[in-house]
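Residue numbers count from 1 along this sequence.
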Amino acid sequence: MKRSILRIAILGAMLMSTLPSRGTAAASGTAKKSFGKTPEGEAVELYTLTNKNGVEASISTYGGAVVSLKVPDLHGTFEDIVLGYDSVDGYVSDKSYFGALIGRYGNRIGHAQFSLDGNTYTLAKNNGQNSLHGGIKGFNKVVWTAKEIPAKDGQALELTYASKDGEEGFPGNLNVTVVYTLTDSNELKIEYSATTDKKTVVNLTNHSYFNLVGVGLGSGDILKHVLMIEADKFTPVDAGLIPTGELRAVAGTPFDFRKPTAIGARIDANDEQIKLGGGYDHNFVLRRKPGDGLALAARVTEPTSGRIMEVWTTEPGVQFYTGNFLDGSARGKGGVAYAKRAAFCLETQHFPDSPNQPKFPSVVLSPGARYHTTTVYKFSTQKGREVTIHKSPSH
Ligand code: BGC
């Protein structure tokens, strides 16, 4: 292609990304339908939030999971870009945490144990010797109470759950509220808050698995997606994927995503940390200062569809996981088998094992204080080249 034509193509693409998407002009609003029942007979609902551009997010009251997320590509064609199941049954037997809310503690706590004020708390071991994602019955396996609430700039759904003192071994009655807002600027905003009546630890996140091509048959792996993470350091792990406590520079390692790089470029590198994770399964230390508020954490671009996803968060870390443990045994929406590296996760969080790592930012919540964090997944499109968008999401 001649230079001038190329320039016009880029300009055209840039212009298209600012125009309203084609696609079916669905009216914005929130719809609710039955998603089935839990084995105990509890009714589960599926709420579908639609914004003025036709972007759609479906959220299940079981696990508060994002079941589907339909966003346009460069040509206005909508695809569902998250892994999930067609009904609640899939989520009941799921072991991969597709789309779910994670709590009380996102990621691992070493030896399933921690101490607070001289008391030792023992948690369920559901991942070797460790506790993972809240235990055997984490927040991903409970039915949340849902309420549609007004939002200035889109559609919002509030989910609440009261976690009992001692649940999965954690101290304190914890009242949790999560608000999902689908904004008219094509953002899925998640606000987490919690209060406790006894000192405890909290680390909430969402475990969506993304493939920006779409998650239907033939979508393939995510190795050609291009990723940038705003992190100079990451937390290396031991064989049980528990952080060693070191904050290691990403420079000169396969963990350097400071410049946009294909996810697959170094995923099989001859590197001790890559081998331990079976690919990427690591917490990145976001480049941020206290008081930064909502800041850009990561940007993923998918070159063929032109879809771009940015992750903004108030959290200090993000777990980048490349679906290394997916093995095709999970049959998702439409019966599609989800294979290894069919999707990636960017789970905003405090660092894994923080309750046992005095040098990591604290995850302790005391009575009278309020846990409050915000994460925004922002979608846009652009063709052919990397873009820098530093406009803060609406919040
Ligand atoms: C963890 C992985 C785990 C995955 C699904 C990620 O957050 O870091 O090790 O396999 O969640 O459970």
Side-chain angles (χ1 to χ4, degrees), residues 30 32 38 40 42-47 49 59-66 88 91 97 99-107 109 112 114-117 119 121-124 126 131-151 155-181 188-208 294 313-316 347-350 354-355 361-376 395:
T30 300
K32 173 181 154 182
T38 66
E40 295 75 34
E42 234 180 313
V44 175
E45 317 290 348
L46 186 71
Y47 285 83
L49 281 51
I59 292 146
S60 159
T61 54
Y62 187 84
V66 178
V88 72
Y91 291 91
Y97 303 84
L101 292 178
I102 304 294
R104 197 178 286 203
Y105 198 91
N107 216 282
I109 297 181
F114 67 94
S115 297
L116 264 184
D117 291 345
N119 299 312
Y121 297 98
T122 304
L123 312 169
N126 64 335
S131 164
L132 175 66
H133 294 330
I136 293 164
K137 192 172 179 187
F139 293 178
N140 59 310
K141 297 283 185 198
V142 303
V143 179
W144 293 66
T145 303
K147 191 167 104 189
E148 290 172 45
I149 58 168
Q155 305 298 316
L157 184 71
E158 180 190 84
L159 298 175
T160 51
Y161 175 64
S163 170
K164 296 231 159 45
D165 185 11
E167 198 173 295
E168 298 297 310
F170 291 97
N173 290 296
L174 189 78
N175 286 318
V176 189
T177 302
V178 175
V179 177
Y180 281 106
T181 307
L188 183 64
K189 175 163 66 170
I190 316 178
E191 289 165 285
Y192 305 84
S193 40
T195 53
T196 184
D197 60 2
K198 202 177 187 180
K199 215 181 229 194
T200 191
V201 295
V202 192
N203 190 27
L204 306 179
T205 191
N206 174 279
H207 209 309
S208 287
L294 198 60
T313 189
T314 57
E315 288 283 56
E347 304 150 62
T348 54
Q349 61 185 8
H350 270 57
S354 296
S362 172
V363 288
V364 174
L365 182 69
S366 298
R370 184 162 171 264
Y371 171 95
H372 186 73
T373 72
T374 304
T375 291
V376 178
H395 62 281

Closest heavy-atom contact between [X] and [Y]?
| X | Y | result |
| --- | --- | --- |
| Leu116 | Lys199 | CD1-O, 3.6 Å |
| Leu49 | Gln155 | CD2-O, 3.5 Å |
| Asp165 | Lys198 | OD2-NZ, 3.4 Å |
| Asn140 | Ala100 | CB-CB, 3.5 Å |
| Val179 | Ala156 | CG1-CB, 4.3 Å |
| Leu365 | Thr196 | O-CG2, 3.6 Å |

Is there side-chain contact between [X] and [Y], with at least one heavy-atom pair below 4.5 Å?
| X | Y | answer |
| --- | --- | --- |
| Leu204 | Leu101 | no |
| Thr38 | Val44 | yes |
| Ser354 | Val201 | no |
| Lys147 | Thr160 | no |
| Ile109 | Leu123 | yes |

Given the rule in the side-chain contact (heavy atoms from CB on, under 4.5 Å) test, do Val176 and Val202 qualify, once you have shown the distances and angles that lead to the verdict? CA-CA 10 Å; Val176 189; Val202 192; over 6 Å; no
One pair to check against side-chain contact (heavy atoms from CB on, under 4.5 Å): His133 and Asn107. What are the steps and the verdict? CA-CA 5 Å; His133 294 330; Asn107 216 282; 4.2 Å; yes
Distance-only, no hydrogens or angles: does the [X] side chain make a donor-acceptor pair with backbone N or O of [Y] under 3.5 Å?
| X | Y | result |
| --- | --- | --- |
| Arg104 | Gly135 | no |
| Trp144 | Ala65 | no |
| Lys141 | Tyr91 | yes |
| Thr61 | Val143 | no |

From [X] [atom1] over to [Y] [atom2], what is the distance, rounded to the nearest 0.5 angstrom?
| X | Y | atom1 | atom2 | result |
| --- | --- | --- | --- | --- |
| Leu159 | Thr177 | CG | OG1 | 9.0 Å |
| Ser131 | Phe114 | OG | CZ | 9.0 Å |
| Asn173 | Asp197 | CG | CG | 4.0 Å |
| Thr374 | Tyr192 | OG1 | OH | 9.5 Å |
| Asn175 | Thr195 | CG | OG1 | 4.5 Å |
| Lys137 | Glu168 | NZ | CD | 8.5 Å |

Working for ring pair (Phe, Tyr, Trp, His ring centres under 6.0 Å), residues Tyr105 and Phe170: CA-CA 9 Å; Tyr105 198 91; Phe170 291 97; 7.2 Å; no
Check step by step if side-chain contact (heavy atoms from CB on, under 4.5 Å) holds for Tyr371 and Leu174. CA-CA 10 Å; Tyr371 171 95; Leu174 189 78; over 6 Å; no
Hey, what's the ring geometry for Tyr97 with His207, parallel, tilted or perpendicular (30° and 60° as the breaks)? parallel
Go through Gln349 and Thr205 one step at a time and tell me if the side chain to side chain donor-acceptor pair (under 3.5 Å) criterion holds. CA-CA 6 Å; Gln349 61 185 8; Thr205 191; 5.8 Å; no
One pair to check against side-chain contact (heavy atoms from CB on, under 4.5 Å): Tyr180 and Glu158. What are the steps and the verdict? CA-CA 6 Å; Tyr180 281 106; Glu158 180 190 84; over 6 Å; no
